[in-house]
Amino acid sequence: IFTSLHWNLSLTFRLLNSNSFTIIRDDAFAGLFHLEYLFIEGNKIETISRNAFRGLRDLTHLSLANNHIKALPRDVFSDLDSLIELDLRGNKFECDCKAKWLYLWLKMTNSTVSDVLCSGPPEYQEKKLNDVTSFDYECTTTDFVVHQTLPYQSVSVDTFNSKNDVYVAIAQPSMENCMVLEWDHIEMNFRSYDNITGQSIVGCKAILIDDQVFVVVAQLFGGSHIYKYDESWTKFVKFQDIEVSRISKPNDIELFQIDDETFFVIADSSKAGLSTVYKWNSKGFYSYQSLHEWFRDTDAEFVDIDGKSHLILSSRSQVPIILQWNKSSKKFVPHGDIPNMEDVLAVKSFRMHNTLYLSLTRFIGDSRVMRWNSKQFVEIQALPSRGAMTLQPFSFKDNHYLALGSDYTFSQIYQWDKEKQLFKKFKEIYVQAPRSFTAVSTDRRDFFFASSFKGKTKIFEHIIVDLSL
């Protein structure tokens, strides 16, 4: 071990060759401000501390040749303002992510540096560190960390932007609220903004039309309603009712646009109810089309398939059916189904690299991922489900994920593997009885909300992890 010794402080040259040093500690050359030449060659040095060369501002020549060095700590040469020549030959450098900083430093430094040869990994053996090309994409990964915990249960989360601010509407059946949160740019968290009260609220869906903000509030009891943000009251006030006769047990609200017209559909999961499409007519939303009877729909998903508008309805009583928008009648008409997919609770659509995919949620058994091949949806992957009420796709930049909820165990986040063209297990998270996962981005930060039917609602932040640190 090489530590600070009592030196002649006026030394300008120091030779420490063919000893048996294995470590150079912080401040090993403390006080040698005028040292210009330092040769530590032919030793057994494996480890050099981050501040080993601190204070050597006059050092012009440094040799660490012929040691057993596999890696150097980031910025170990940062104090060497006068360095002209550096010799790193004859070591055993691992050209992995920990060498990324050295790779970048070699490209920027004005010092003359010997070739740094790689001992590993195998694909770079005997190559020069300068020639390694994988640092940009292999030395970062991602993670999800808890950013904020909300002390209440919830079943659905929707997000919307208004006047450069980001909002979130959270359905809370047990508290009989639709809680609206706002992103606080100063505190950097989500804070309470408004509260819409009701009875057994199961869904809150924001609709933005021109400068107006509406929230569709779906309730199990007392009918469903639409609220509008009132600037003078700075809160949401009731705007209109939704006919109770049509909507009996709402389960999902899906917003969509066709030919610049705004619609939403409510999937009704009772035998007595009708899944119904509503349309905006400049004064309010009116019932536009009832889709089918007696099917106990659990989810509705609007999908653009090859430029044509479709709705996919999931149901407890049959396989998911596909309805297509008829341009002449301006109504949805039956167009087919997704065969062999019984007991699907929900279908979500998403795109990766201009290809359309579906995620199909099953409570027990296997949830599925399907891909559109220009003729039909074909299965590409089965994901084991243990009490799953949601399989939600979401993306942050070039990172594509699926979040598979579980009532009985940990929920699982999968990440898309470009090479294998499949989703691979990425991270387990614990959320009690998760009912929805919703991606929210603001202030160049990415979050996703995990609603919980039996516990606290959690907000996870999606972070980039630099493996070279």
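Numbers here simply count residues along the sequence, with the first being 1. Bear in mind the structure is a predicted one, so any value in this text is a computation, not a measurement.
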Participant: Counting only heavy atoms not in Lys331, do more than 12 fall under 6.0 Å of its NZ?
Facilitator: yes
Participant: Near Phe453 CZ, under 6.0 Å, is it more than 12 heavy atoms from other residues, nucleotides or ligands?
Facilitator: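 Check fails, neighbour count at 12 or below.
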Participant: Quick check: do Asn130 and Leu106 have side-chain heavy atoms less than 4.5 Å from each other?
Facilitator: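 They are in side-chain contact.
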Participant: If I take atom NZ from residue Lys249 and atom CG from residue Leu220, how far apart are they, to the nearest 0.5 angstrom?
Facilitator: 7.0 Å
Participant: Keeping the roles fixed (side chain from Ser385, backbone from Ala388), state whether a donor-acceptor pair exists under 3.5 Å.
Facilitator: no
Participant: Would you check if the distance from the ring center of Phe437 to the ring center of Phe394 is below 6.0 Å?
Facilitator: no
Participant: Mind running side-chain hydrogen bond (donor to acceptor under 3.5 Å, both in side chains) on Asn51 and Ser49 for me, showing each step along the way?
Facilitator: CA-CA 6 Å; Asn51 298 308; Ser49 296; over 6 Å; no
Participant: In terms of the angle between their ring planes, are Phe410 and Tyr430 parallel, tilted or perpendicular, with boundaries placed at 30° and 60°?
Facilitator: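 Plane angle over 60°, so perpendicular.
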Participant: Between Phe447 and Phe449, is the ring centroid distance below 6.0 Å?
Facilitator: no
Participant: Sub-3.5 Å donor-acceptor pair from the side chain of Ser452 to the main-chain atoms of Gln432, do we have one?
Facilitator: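 Checked: pair present.
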Participant: Drop me the distance from Leu72's CG to Phe93's CZ, to the nearest 0.5 angstrom.
Facilitator: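 That separation rounds to 4.5 Å.
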Participant: CZ/Arg386 to OG/Ser411 distance, rounded to the nearest 0.5 angstrom?
Facilitator: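 The distance works out to 13.0 Å.
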Participant: What verdict does the salt bridge (charged side-chain N to carboxylate O under 4.0 Å, His left out) test give for Asp407 and Arg435, after you've listed the backbone C-alpha separation in whole Å, the side-chain angles of each residue and the deciding distance to 0.1 Å?
Facilitator: CA-CA 9 Å; Asp407 278 12; Arg435 290 296 176 266; 2.9 Å; yes
Participant: What's the separation between atom SG in Cys118 and atom CG in Asp131, rounded to the nearest 0.5 Å?
Facilitator: 8.5 Å
Participant: Hey, are the side chains of Phe350 and Leu356 touching, using non-hydrogen atoms and a 4.5 Å cut-off?
Facilitator: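 Sidechains of Leu356 and Phe350: no contact.
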Participant: What is the minimum heavy-atom distance between Ile364 and Gly387, and which atoms define it?
Facilitator: CD1-N, 3.5 Å
Participant: Are Asp299 and Lys348 within salt-bridge range, i.e. N to O under 4.0 Å?
Facilitator: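 The answer is yes: the pair qualifies as a salt bridge.
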Participant: Considering residues, nucleotides and ligands other than Tyr286, do more than 12 of their heavy atoms fall under 6.0 Å from its OH?
Facilitator: yes
Participant: Can you measure from OG1 (Thr276) to CG (Asp297) and round to the nearest 0.5 angstrom?
Facilitator: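 One finds 9.5 Å between OG1 of Thr276 and CG of Asp297.
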Participant: Does the ring pair (Phe, Tyr, Trp, His ring centres under 6.0 Å) test come out yes or no for Tyr414 and Phe426, once each step is laid out?
Facilitator: CA-CA 5 Å; Tyr414 292 83; Phe426 181 72; over 10 Å; no
Participant: For the pair Asp75 (side chain) and Ser78 (backbone), establish whether a donor and an acceptor sit closer than 3.5 Å, ignoring hydrogens and angles.
Facilitator: no
Participant: Any salt bridge linking Arg368 with Glu379? Criterion: basic side-chain nitrogen under 4.0 Å from a carboxylate oxygen.
Facilitator: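 Looking at Glu379 together with Arg368, the answer is yes, because their closest N to O distance falls below 4.0 Å.
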Participant: Do Phe448 and Ile429 come within less than 4.5 Å of each other through their side chains, counting heavy atoms only?
Facilitator: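 Yes, their side chains come closer than 4.5 Å.
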Participant: Indicate yes or no: does Glu419 engage Lys424 in a salt bridge with an N to O separation below 4.0 Å.
Facilitator: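 Salt bridge between Glu419 and Lys424, a charged N being under 4.0 Å from a carboxylate O: no.
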Participant: Dump the intermediate steps for side-chain hydrogen bond (donor to acceptor under 3.5 Å, both in side chains) on Ser436 and Ser451, then the final yes or no.
Facilitator: CA-CA 5 Å; Ser436 69; Ser451 68; 2.8 Å; yes
Participant: Pairs of donor and acceptor atoms involving the side chains of residues 197-212, under 3.5 Å and at least two apart or interchain, shall be tabulated with distances.
Facilitator:
residue: Gln212; atom: OE1; partner: Lys228; partner atom: NZ; Å: 2.9

Participant: With a 6.0 Å cut-off (strictly less than), is the heavy-atom count around NZ of Lys70, excluding the residue itself, greater than 12?
Facilitator: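 Atom NZ in Lys70 is not crowded, with 12 or fewer foreign heavy atoms closer than 6.0 Å.
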Participant: Measuring centre to centre across the rings, with the benzene-like ring taken for any Trp, is Phe264 within less than 6.0 Å of Tyr278?
Facilitator: yes
Participant: Among Thr159, Asp165, Asn189, Asp443, whose side-chain hydrogen bond (donor to acceptor under 3.5 Å, both in side chains) with Trp183 holds?
Facilitator: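 Testing Trp183 for a side-chain hydrogen bond (donor to acceptor under 3.5 Å, both in side chains) against Thr159, Asp165, Asn189, Asp443 leaves exactly one candidate, Asp443.
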Participant: Could you tell me whether Asp446 and Lys397 have a side-chain N and a carboxylate O separated by less than 4.0 Å?
Facilitator: yes
Participant: Taking the inter-plane angle between the rings of Trp101 and Phe77 on a 0 to 90° scale, is it parallel (under 30°), tilted (30 to 60°) or perpendicular (over 60°)?
Facilitator: tilted
Participant: Does the pair Glu461/Arg445 count as a salt bridge with the N-to-O cut at 4.0 Å?
Facilitator: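 Looking at Arg445 together with Glu461, the answer is yes, because their closest N to O distance falls below 4.0 Å.
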Participant: Are the side chain of Ser309 and the backbone of Asp304 linked by a donor-acceptor contact shorter than 3.5 Å?
Facilitator: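 Not at all, since once roles are kept as given, no pair shorter than 3.5 Å links the two residues.
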Participant: Can you find a heavy atom in the side chain of Leu291 that is under 4.5 Å from one in the side chain of Leu323?
Facilitator: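 Yes, at least one pair of side-chain atoms sits under 4.5 Å.
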Participant: Could you walk me through whether Phe160 and Val440 pass the side chain to side chain contact (heavy atoms under 4.5 Å, CB included) test, one step at a time?
Facilitator: CA-CA 9 Å; Phe160 62 96; Val440 181; over 6 Å; no
Participant: How long is the gap from CD1 on Ile322 to CD1 on Ile305, to the nearest 0.5 Å?
Facilitator: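 It is 5.5 Å, given to the nearest 0.5 Å.
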Participant: Would you say the ring centers of Phe256 and Phe302 fall short of 6.0 Å from each other?
Facilitator: yes
Participant: Could you go through the salt bridge (charged side-chain N to carboxylate O under 4.0 Å, His left out) check for Arg362 and Asp343 one step at a time?
Facilitator: CA-CA 6 Å; Arg362 277 182 166 147; Asp343 301 320; 5.7 Å; no
Participant: Can you confirm whether or not the ring centre of Trp416 sits under 6.0 Å from the ring centre of Tyr357?
Facilitator: yes
Participant: Got a donor-acceptor contact below 3.5 angstrom from the His147 side chain to the Val145 backbone?
Facilitator: no
Participant: In the structure I gave you, are the side-chain heavy atoms of Val180 and Asn195 within less than 4.5 Å of one another anywhere?
Facilitator: no
Participant: Is the gap between the ring centers of Trp280 and Phe263 under 6.0 Å?
Facilitator: no
Participant: Taking His400's backbone N and O only, do any of them form a donor-acceptor pair with Gln415's side chain (distance below 3.5 Å, no angle check)?
Facilitator: no
Participant: Counting only N and O atoms by type, is there a donor-acceptor contact under 3.5 Å from the side chain of Gln421 to the main-chain atoms of Lys418?
Facilitator: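 Indeed, once roles are kept as given, a pair shorter than 3.5 Å links the two residues.
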Participant: Side chains of Pro121 and Glu94: closer than 4.5 Å at any heavy-atom pair?
Facilitator: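 A side-chain contact exists here, since the closest heavy-atom pair is under 4.5 Å.
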Participant: Tell me which one of Asp26, Asp79, Asp27 satisfies side-chain hydrogen bond (donor to acceptor under 3.5 Å, both in side chains) with Arg54.
Facilitator: Asp27
Participant: Do the side chain of Ser359 and the main chain of Leu391 share a donor and acceptor less than 3.5 angstrom apart?
Facilitator: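 Flag set: sc Ser359 to bb Leu391 pair under 3.5 Å.
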Participant: For residues Thr140 and Ile464, report the shortest heavy-atom separation together with the two atoms involved.
Facilitator: CB-CG2, 4.1 Å
Participant: Taking all heavy atoms of Pro320 and all of Val344, pick out the closest pair and write down the distance.
Facilitator: CG-CB, 3.9 Å
Participant: Does Lys427 qualify as a cation-pi partner of Tyr401, given the criterion of NZ or CZ under 6.0 Å from the six-membered ring centre and within 45 degrees of its axis?
Facilitator: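 No, Lys427 and Tyr401 do not form such a contact.
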Participant: Look at the side chain of Gln289 and the backbone N and O of Phe332, then say whether any donor-acceptor pair between them is shorter than 3.5 Å.
Facilitator: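 Such a contact is found between Gln289 side chain and Phe332 backbone.
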Participant: Got a donor-acceptor contact below 3.5 angstrom from the Ser290 side chain to the Leu274 backbone?
Facilitator: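 No; judged by distance alone, with no hydrogens or angles, the pair does not exist.
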Participant: Hey, which of Phe239, Phe236, Tyr167 is the one that makes ring pair (Phe, Tyr, Trp, His ring centres under 6.0 Å) with Tyr229?
Facilitator: Phe236
Participant: Where is the tightest heavy-atom contact between Asp268 and Ser275, given as atom of each residue plus distance?
Facilitator: N-OG, 3.0 Å
Participant: Verify the distance criterion only: is there a donor paired with an acceptor across the side chains of Thr262 and Gln257 at less than 3.5 Å?
Facilitator: yes
